[in-house]
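Following: one structure in structure tokens, then a few remarks.
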2 protein chains.
Amino acid sequence: MSSPLDVLAEPVRRRILDLLLERPRLVGELTDELGLTQPGTSKHLRVLREAGLVTVRRDAQRRWYELRPEPLSELDAWLAPYRRLWAGRLYALEDHLDAMPDEDGEPCPKESP
Amino acid sequence: MSSPLDVLAEPVRRRILDLLLERPRLVGELTDELGLTQPGTSKHLRVLREAGLVTVRRDAQRRWYELRPEPLSELDAWLAPYRRLWAGRLYALEDHLDAMPDEDGEPCPKESP
DNA sequence: CGGATATATAACCGCAATGGAATGTATGGG
DNA sequence: CCCATACATTCCATTGCGGTTATATATCCG
């Protein structure tokens with residue numbers, strides 16, 4: 001019972017979904033593109049399957065994996081109240097720059113310098 | 001340099017953001033609501049800070065944590081091409097139910113039975 | 001039927017991340 | 001000046017996850 005967010009934390013799984021966004025793929029194709037071993041790919045696919053993010057179509061020994069985007073709507077729903085914030089209101093950058101503790105780290109990286 | 005998705009995989013951190021969605025909070029408040037120890041809370045807050053998802057305002061010994069939703073736009077951007085799919089086209093449910101391998105598992109849980 | 005192909009599963013390992021206890025640091029109050 | 005408060009950091013143990021190797025299962029081909 002893992003949340004889509006949990007499943008998508010893995011970069012590899014995100015790449016799989018991105019690949020399936022174009023068209024259904026065989027496990028072998030995905031394995032090639034990901035540069036993983038076949039069992040590695042299969043395990044990620046299993047996680048995606050159990051999260052309902054992909055479905056399988058059997059074709060002899062082959063398995064066509066295809067995208068099932070529905071569960072992503074949950075993520076979208078979670079995101080909704082936040083989207084309003086960064087879209088609508090202008091963020092007072094200087095305000096919290098001023099209040100920044102004088103640590104040497106970079107607590108708030110800007111996205112594009 | 002962790003992606004928002006990576007940071008949000010943690011349920012606790014999602015709850016923190018949800019709490020900060022209402023109003024800024026002190027570490028103590030968050031600790032109470034989360035049922036964690038104070039250092040535990042602080043560590044999650046550190047992760048959120050480094051991801052740019054929260055900012056801190058110092059007030060004597062207290063620290064007011066507030067939400068910074070901007071990095072979530074990256075998640076939103078990743079989500080965009082998928083959103084079109086589950087929103088626009090009707091998903092052929094029977095189609096892949098038909099192609100479902102006869103395993104005992106439940107590869108595709110429906111969201112509301 | 002026997003081997004090759006395509007994929008899944010199991011067993012195992014290493015690492016990173018999480019959570020708790022103890023400690024460090026800064027600020028305010030008496 | 002000393003102690004309490006509020007929070008951060010460090011250290012440590014546990015665990016869960018991702019990756020690989022080896023093995024199992026199913027299907028096609030000759």
Side-chain angles (χ1 to χ4, degrees), chain A residues 1-17 19-20 24-51 53-66 99-108, chain B residues 1-16 19-20 24-51 53-66 99-107:
Chain A
M1 51 171 286
S2 39
S3 149
L5 268 166
D6 193 37
V7 172
L8 296 176
E10 260 295 319
V12 174
R13 288 196 281 264
R14 259 172 287 162
R15 285 198 55 205
I16 291 180
L17 290 193
L19 288 167
L20 294 182
R25 312 253 184 172
L26 296 173
V27 178
E29 297 181 56
L30 292 171
T31 299
D32 286 350
E33 306 240 28
L34 298 173
L36 283 188
T37 60
Q38 175 263 313
T41 305
S42 278
K43 281 209 291 187
H44 282 297
L45 287 171
R46 179 186 167 94
V47 174
L48 289 168
R49 242 185 307 149
E50 288 170 348
L53 283 163
V54 300
T55 55
V56 204
R57 185 183 309 267
R58 309 181 65 154
D59 169 25
Q61 326 114 343
R62 309 190 180 152
R63 308 285 162 99
W64 290 98
Y65 276 86
E66 41 192 302
M100 201 98 87
D102 47 337
E103 292 157 352
D104 51 359
E106 60 280 18
C108 315
Chain B
M1 50 169 292
S2 39
S3 148
L5 269 166
D6 193 37
V7 172
L8 296 177
E10 259 295 319
V12 174
R13 288 196 281 264
R14 259 174 286 162
R15 285 198 56 205
I16 291 180
L19 287 168
L20 294 182
R25 312 252 183 173
L26 296 173
V27 178
E29 298 181 56
L30 292 172
T31 300
D32 286 350
E33 306 240 27
L34 298 173
L36 283 188
T37 60
Q38 174 263 312
T41 305
S42 278
K43 283 206 286 190
H44 282 296
L45 287 171
R46 180 187 166 94
V47 174
L48 289 168
R49 243 186 306 151
E50 287 170 349
L53 283 163
V54 301
T55 55
V56 204
R57 186 183 308 268
R58 310 182 66 154
D59 168 26
Q61 324 114 343
R62 310 192 179 150
R63 309 282 163 100
W64 291 98
Y65 276 86
E66 41 192 303
M100 201 98 84
D102 47 336
E103 294 156 352
D104 51 358
E106 59 281 18

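Hydrogens, waters and symmetry mates are skipped; everything else that's a heavy atom, side chains included, is used. Below, chains carry the letters A, B, ... as their sequence lines are ordered, and counting in each starts from 1.
Side chain of A:R57 to backbone of A:Y65: no donor-acceptor contact under 3.5 angstrom is found. Judged purely by atom type and a 3.5 angstrom limit, B:R63 has no side-chain atom pairing as donor or acceptor with the backbone of B:V56.
Note that the NE2 atom of A:H44 and the CZ atom of A:R14 stand 11.5 Å from one another [nearest 0.5 Å]. Here the CG-CZ distance, from B:L5 to A:R13, works out to 11.0 Å after rounding to the nearest 0.5 Å. The structure places CG of A:L8 at 11.5 Å from CG of B:D6, a figure rounded to the nearest 0.5 Å.
Contact check for A:L19 versus A:L34: side-chain heavy atoms found under the 4.5 Å cut-off.
Rounded to a whole Å, the CZ atom of A:R46 is 15 Å from the C1' atom of D:dG18. The nearest whole Å value for the distance from the CZ atom in B:R62 to the P atom in C:dG28 is 10 Å. The CG atom of B:L26 sits 10 Å away from the C1' atom of D:dC7 (whole-angstrom rounding). Spacing between atom CZ of A:R25 and atom C1' of C:dT7 amounts to 18 Å, rounded to whole angstrom units. At whole-Å resolution of the value, CD1 in A:I16 and C1' in D:dG19 are 13 Å apart. For B:R63 and C:dA26, the CZ to C1' distance is 8 Å, given to the nearest whole Å. Between the P atom of C:dA17 and the CG atom of B:L48 lies a distance of 14 Å, rounded to the nearest Å. In this structure, CD of B:Q61 is placed 5 Å from C1' of C:dT27, rounded to the nearest angstrom.
A sub-4.0 Å separation between OP1 or OP2 of C:dA8 and a side-chain N or O of A:Y65 is present. For the pair A:R58 and D:dT27, the criterion of a side-chain N or O lying under 4.0 Å from OP1 or OP2 is met.
In this structure, of D:dC28, D:dG18, D:dT9, it is D:dC28 that holds the atom nearest to the side chain of A:A60.
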Taking only N/O atoms, report every protein-nucleotides 19-24 of chain C pair under 3.5 Å with atom names and distance.
unit_1, atom_1, unit_2, atom_2, d
C:dG19, OP2, B:H44, NE2, 2.5
C:dG19, N7, B:K43, NZ, 3.0
C:dG19, O6, B:K43, NZ, 3.3
C:dG20, O6, B:K43, NZ, 2.8

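Using a 4.0 Å heavy-atom criterion, one finds that B:L45 contacts no nucleic acid atom at all.
Annotation: of the two residues near DNA chain D, A:D59 and A:R13, the 5′-most nearest-nucleotide partner is A:R13.
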Derivation of the side-chain contact (heavy atoms from CB on, under 4.5 Å) call for A:L20 and A:L48: CA-CA 12 Å; A:L20 294 182; A:L48 289 168; 5.8 Å; no
